[in-house]
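Not measured: the values here are computed from a predicted model. Numbering of ligands and ligand atoms starts at 1, following listing order.
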Amino acid sequence: MALFSVRMRSSKEGVHISGAERIVPEEKLDEVVLSLLSRARSHSRGKPDFISVKVEALKEEPIYLRALPVFEVRTELPAEEVLRVLFSLSEVPVELGVKFYRLLLFGISPSGGVMRGAAVVEVPSGRRIETDRERGIRVSYLDISPEAERELRRLAGKGFTENLKEALTLSTKVLNHPSVLAELCVSDDPDYTTGYLSVKGRGYFRIFNIKPAGLPLGGRVFFVKEGTEVEPLKNYLEKKPVIVSSVSSYSVVSPEELV
Ligand code: PML
């Protein structure tokens, strides 16, 4: 069955407002184009003066992946302390991880704002390897199947949000690359204060209050193995179609249980 990628982005006076994408069979195209258009027009960040919806036939078969296991971290500890525990489970040195967490909160782009894509950081040197520091790497060509979405909604219950669904799909694609060790994400939406750290071999850890409410800063950092070649990684993240077709689990943990 022929599959199509549908990608939407919107902006106002040149400033990005929203973006979303799907991979769907031909018979779903009209419905999905309309739903992305309506999503673009009703974003909390304002009314766009530019909307692009791009439809293209996939030129290659997608990879079908199982989602990372999701852990909701319940704790009274400040987010930085939670991250220290979680980074200690990963191959990313704790101080390096915390340094980039702080950078996301202060504005990681060269102009002190939000990058459009992710920063890519080599471990353990801390060297940035993305070629364009304003743009970073933007993960694209990804979706979750209707069955996997239903299962995620069932497992997450009240913890389910559209942001979780999209972020879990993205992070599953990112962590599937053999060079990626971890991904840190702080939403740049001022109203969305849940972020996550995904750790290779462990899963996707949701962290509540990862930033103060009202802060319009955030972004993503991909931590990669020493010697990672950026072009093949970029090509996979930006171009290879991926569909998350099943979910693993959703559980609640405390940081104490993890060490
Ligand atoms: C974003 O706004 O793109 C990031 C969303 C992070 C979702 C975190 C979660 O709810 O698990």
Side-chain angles (χ1 to χ4, degrees), residues 7-11 15-22 36 39-40 42-46 48 67-75 79 82-83 86 100-101 103-105 107-109 113-119 135-144 148-149 151-175 182-199 202-223 237-238 242 244 247-253 255 258:
R7 299 192 294 157
M8 174 280 283
R9 69 190 164 90
S10 75
S11 60
V15 178
H16 171 80
I17 292 188
S18 69
E21 65 175 275
R22 303 287 312 278
L36 290 185
R39 177 167 164 169
S42 57
H43 200 272
S44 61
R45 268 197 256 206
L68 297 168
V70 181
F71 298 94
E72 181 183 305
V73 182
R74 291 250 182 99
T75 180
V82 177
L83 282 169
L86 296 174
F100 277 93
Y101 167 58
L103 211 49
L104 288 177
L105 297 185
I108 193 168
S109 80
V114 174
M115 287 170 69
R116 284 165 55 212
R135 180 182 180 277
I137 292 190
R138 291 172 64 83
V139 183
S140 197
Y141 294 97
L142 69 172
D143 202 349
I144 183 167
E149 174 175 348
E151 184 62 359
L152 180 63
R153 280 179 190 271
R154 191 184 71 74
L155 291 173
K158 287 194 179 125
F160 181 86
T161 64
E162 287 291 318
N163 283 13
L164 163 66
K165 178 186 84 180
E166 288 173 8
L168 178 63
T169 303
L170 183 148
S171 201
T172 298
K173 176 171 180 181
V174 173
L175 271 284
E183 179 202 355
L184 173 63
C185 171
V186 175
S187 175
D188 57 15
D189 178 341
D191 300 326
Y192 201 83
T193 56
T194 304
Y196 64 88
L197 180 71
S198 290
V199 176
R202 300 295 292 247
Y204 173 108
F205 294 90
R206 301 185 84 188
I207 306 163
F208 298 128
N209 304 315
I210 199 166
K211 72 171 194 176
L215 184 74
L217 295 171
R220 287 187 158 87
V221 179
F222 303 152
F223 295 95
L237 293 171
E238 295 190 344
V242 163
V244 170
V247 290
S248 307
S249 56
Y250 189 98
S251 22
V252 175
V253 289
L258 294 168

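- By the 30° and 60° cut-offs, the orientation of the rings of Phe71 relative to Phe205 is parallel.
- At a heavy-atom distance under 4.0 Å, only side-chain atoms of Arg220, from C-beta outward, approach ligand 1.
- Between the side chain of Arg206 and the backbone N or O of Gly159, at least one donor-acceptor pair lies under 3.5 Å.
- Arg22 and Glu166 are not joined by a salt bridge, as no carboxylate oxygen comes within less than 4.0 angstrom of a charged side-chain nitrogen.
- Residues Glu183 and Tyr196 bring a donor and an acceptor atom of their side chains to less than 3.5 Å of each other.
- Among the atoms of Asp189, none of the N or O lies under 3.5 angstrom from an N or O of ligand 1.
- Taking any N or O of Ser187, backbone or side chain, at least one lies under 3.5 Å from an N or O belonging to ligand 1.
- With Tyr101 contributing its side chain and Ile210 its backbone, the two residues share a donor-acceptor pair below 3.5 Å.
- In this structure a side-chain-to-backbone donor-acceptor pair under 3.5 Å is present from Lys211 to Leu217.
- Of the possible donor and acceptor atoms, one in the side chain of Lys173 sits under 3.5 Å from a partner among the backbone N and O of Ser140.
- Those atoms of ligand 1 that come under 4.0 Å of a heavy atom in Ala167, given as number and element, are 6 (C), 7 (C).
- The residue from Asn163, Asp188, Thr161 that puts a heavy atom closest to atom 5 (C) of ligand 1 is Asn163.
- Listed by number with element, the atoms of ligand 1 under 4.0 Å from a non-hydrogen atom of Cys185 are 4 (C).
- Taking a cut-off of under 4.0 Å to the non-hydrogen atoms of Tyr204, the atoms of ligand 1 that pass are 7 (C), 8 (C), 9 (C), 11 (O).
- Considering backbone and side-chain N/O atoms, Arg206 comes within less than 3.5 Å of an N/O atom of ligand 1.
- At least one N or O atom of Tyr192, backbone or side chain, sits closer than 3.5 Å to an N or O atom of ligand 1.
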